[in-house]
Amino acid sequence: MADSEENNALFPIFILSMIALPLVPYTILKLFRAFSKKTKSIHCGCSDCTRSGKYHKSIFKRVANVSTCGNFSLVLLWVIVGILVYYIKNMSREVQVFEPFSILGIEPGASDSVIKKAYRRLSIQYHPDKNPDPAANKYFVESISKAYQALTDPISRENFEKYGHPDGRQGFQMGVALPQFLLNIDGASSGMLLFWIVGVCILLPLVMAAIYLSRSSKYSGNVKHEILGAYFNLMKPSLAPSKVMEVFISAAKFLEIPVRKSDDEPLRKLFMTVRSELNLDLKNMKKEQAKFWGRDSAIVKTELLIQAHLTRETATITADLDRDCKRFLEFSPSLLEELMKMAIIPRSPSGHGWLRPAVGVVEFSQCIVQAVPLSARKAEGIAPFLQLPHFNDDIIKKITRKKIRNFQEFQAISIQERTELLTQVAELSPPQVQDIENVLELIPSVTVEVTCGTEGEEAIQEGDIVTIQAWITLKRANGLIGALPHAPHYPFHKEENFWFLLADPTSNSVWFSQRVNFMDQVGAISSASTAIEERMEVLGSTPKETSAAINEAVEKVKSGSRLTMGKFLAMAEGNYNLTCYLLCDSWIGCDKKSNLKLKITKRTRAGTRGGQVSDVIEDGEEDEEEEIEDEEEEEDIESEYSEDEDDKRNSNKKKVANGKGRQSSSESSGSDEE
């Protein structure tokens, strides 16, 4: 084993290597991601958003964004690296090689007389009898005398000239790059070495694993398992959108929302302000109030704070309540996403989710982001206007009196007509009109093109694995693809997401679902390329055809489209009137849907493919009877905040059993949800 002094000198180098190996590539990756971020503005920039301060990059926010725990750890590690480099550079010696000629200050190959002369000269300078300095004594004994002996002894000199060492050929040596006090295996030092081995190599990994397992056993992502369990149990197939609030706020019991005695009086005042939004029976108000306040304190507080946010009354509440409200709103995107998953998770024997609660969750998410009261969903055509800046009930009434029946008509008129309407009728100033135009340019317009069929077959038979492929294209008047929604009342950044659902309204079932996001173009290109490549491989396409299909998909993604692809199991024989929904969780009035008729034939005994695959049935191609049936189904599934007892309506729904065609495909120019 190598000398302990050499090991002690190599210990800082060992530590530096262990830190630098992961630190350097991680730092390069982090810097690359930081410089590759787009600096282009992706929000409307209206006066409401500017006044909210959500997008204002003050010095405090910049420091907060930089001074994260991860960045602080990164800087600390680089400081340690700098200290180690400085220490290693300035060490008195690292691993000294024995050089007798250099010690005596003579040229290699010098004669014996020259060696003796140099030895006498150094003896006068460093000999203990001439120099009482202990350092000189040590240098004379360990270096000068040893060098003189190595060069004057014939055997030692021959070994040095041949092998580089006075003792002859040296064997292979190994050392441990640890401090010297850990290598003195005696008494306390041996215990210290044992402590380091057990602590660093055994106990530390076990503690880290225990902490990770303890957290993972309580959380799924950022949501506690207790919340998921509550959502799963409270979710019902006929859950009306107006009842989604009750399920949503049940998470308050597990989020440790503080309940203070000082909050009682402000909450009582807030209750009187938002009482009309609580769906209380006015005929039995005392009983209803007692029932409301008799629930869990955290749930009561959370519901009142959410209602304050929806009615835009947060400015009237105390600072403590405002902080509690923002804390719950910060968790709301994760909670709503998990609530959506609980709605579409396979529940029925056929493996389908529930459509009605899924639509309700998305519509409730729209209200949360845009701060629109739930009661506004009952009045047809009002809710989309409330997401525009400077709009209120009075302005909406003035505009709707001028032959503007809904939000779509308001968007469809020319900019000049809209400016005249807003300035002359609504009496808005030019800057306010410009804010409204900026938001209208940011509102997305989406179309969906769906194909549905069995790979390599001409028809769909019961029990087949059906492949669904949907290209979702988003366009904005300002040319952006990915952007943040206009949401000045929501205190945090919120990316807009879309949910694609293939559902059967008659059975309230979701056959296929997937979330779509337009912010990550690189991820969308990667997933689309992989999906197209796998599909072309199944179809037996040539490499050239596969490459052409992938290039076409990449161009579509770059132009603002996203690919949604998946599989589902074909149901029993029959004709199915399905609906393709594209629901936005951030904007009101942007939802699209189209009809899709799917014909599933009976599987023949020999396994041959008989019958035809159903055609896409466009909205204008259906006969009058089917149109009436579709309208009834759409009324059941569209915004249902005006219906509180939807359970009674399930028994009145009809089954549709007509459809023709050959290959299932659908292009949605679809009707709006609102």
Side-chain angles (χ1 to χ4, degrees), residues 29-45 55 411 438-453 455 467-486 493-502 512-539 541-567 580-587 590-594 665-670:
L29 179 62
K30 197 171 183 67
L31 291 174
F32 175 77
R33 289 179 177 177
F35 285 112
S36 63
K37 287 183 178 180
K38 294 183 178 180
T39 58
K40 188 176 181 180
S41 175
I42 56 174
H43 59 87
C44 61
Y55 305 109
Q411 285 183 291
N438 291 342
V439 174
L440 290 175
E441 291 180 355
L442 195 66
I443 295 178
S445 174
V446 290
T447 56
V448 185
E449 181 182 352
V450 182
T451 59
C452 186
E455 300 288 1
T467 300
I468 179 173
Q469 176 178 301
W471 278 104
I472 302 168
T473 303
L474 180 144
K475 293 183 179 179
R476 306 180 200 268
N478 57 11
L480 291 174
I481 297 176
L484 299 176
H486 166 77
H493 287 229
K494 171 69 173 69
E495 293 184 2
E496 58 183 19
N497 296 302
F498 293 82
W499 283 94
F500 174 78
L501 307 176
L502 178 66
F512 174 79
S513 62
Q514 188 168 327
R515 191 180 68 166
V516 183
N517 185 281
F518 286 85
M519 295 295 288
D520 185 9
Q521 179 175 296
V522 176
I525 291 176
S526 176
S527 59
S529 302
T530 303
I532 294 296
E533 183 178 5
E534 292 176 353
R535 185 169 185 268
M536 299 299 288
E537 184 178 353
V538 171
L539 296 176
S541 303
T542 63
K544 186 177 181 180
E545 294 173 339
T546 301
S547 178
I550 292 176
N551 292 335
E552 181 182 359
V554 170
E555 292 301 321
K556 280 188 174 183
V557 172
K558 290 181 178 180
S559 63
S561 297
R562 296 294 183 265
L563 175 63
T564 297
M565 184 177 289
K567 300 179 184 297
C580 299
Y581 292 86
L582 187 63
L583 309 175
C584 181
D585 70 347
S586 302
W587 294 98
C590 296
D591 304 331
K592 299 292 181 180
K593 65 180 179 179
S594 61
S665 61
S666 168
E667 182 169 356
S668 161
S669 55

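Along the sequence shown, residues are numbered consecutively beginning with 1.
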Checking [X] now: which residues fulfil side-chain hydrogen bond (donor to acceptor under 3.5 Å, both in side chains) with it, not counting sequence neighbours?
X	answer
Ser561	Thr473
Trp587	Glu496
Lys567	Thr467

Who pairs with [X] by side-chain contact (heavy atoms from CB on, under 4.5 Å), at least two apart in sequence or on another chain?
X	value
Gln469	Thr451, Trp471, Ile532, Arg535, Leu563, Met565
Gln411	Phe407, Leu440, Ile443
Arg515	Glu337, Asn497, Trp499
Ser513	Ile344, Leu501, Val510

Considering all heavy atoms, the nearest [X]-[Y] contact:
X	Y	value
Leu502	Cys580	CD1-SG, 3.7 Å
Gly566	Phe512	CA-CE1, 3.5 Å
Arg476	Ile481	NH2-O, 2.9 Å
Ala528	Val557	CB-CG2, 4.1 Å

Spacing of CD belonging to Gln514 relative to CZ belonging to Arg562, to within rounding of 0.5 Å:
12.5 Å
Distance, nearest 0.5 Å, that separates CG of Leu474 from SG of Cys584
8.5 Å
Strictly by salt bridge (charged side-chain N to carboxylate O under 4.0 Å, His left out), give each pair with a member in residues 438-448 just once, sequence neighbours left out.
none
Short side-chain to backbone donor-acceptor contact, Ser529 and Ile525, under 3.5 Å:
yes
I'd like to check [X] versus [Y] (side-chain heavy atoms, cut-off strictly below 4.5 Å). Are they in contact?
X	Y	answer
Glu455	Leu539	yes
Leu582	Lys593	no
Pro444	Phe498	yes

For Lys475, is the NZ atom crowded, meaning more than 12 foreign heavy atoms sit under 6.0 Å from it?
no
For Glu533, all residues meeting salt bridge (Lys or Arg N to Asp or Glu O under 4.0 Å), sequence neighbours excluded:
none
Enumerate, atom names and distances included, each donor-acceptor pair closer than 3.5 Å involving a side-chain atom of residues 545-553, sequence neighbours excluded.
from   : atom 1 : to     : atom 2 : distance (Å)
Glu545 : OE1    : Thr542 : N      : 3.2
Thr546 : OG1    : Thr542 : O      : 3.0
Asn551 : ND2    : Ser547 : O      : 3.2

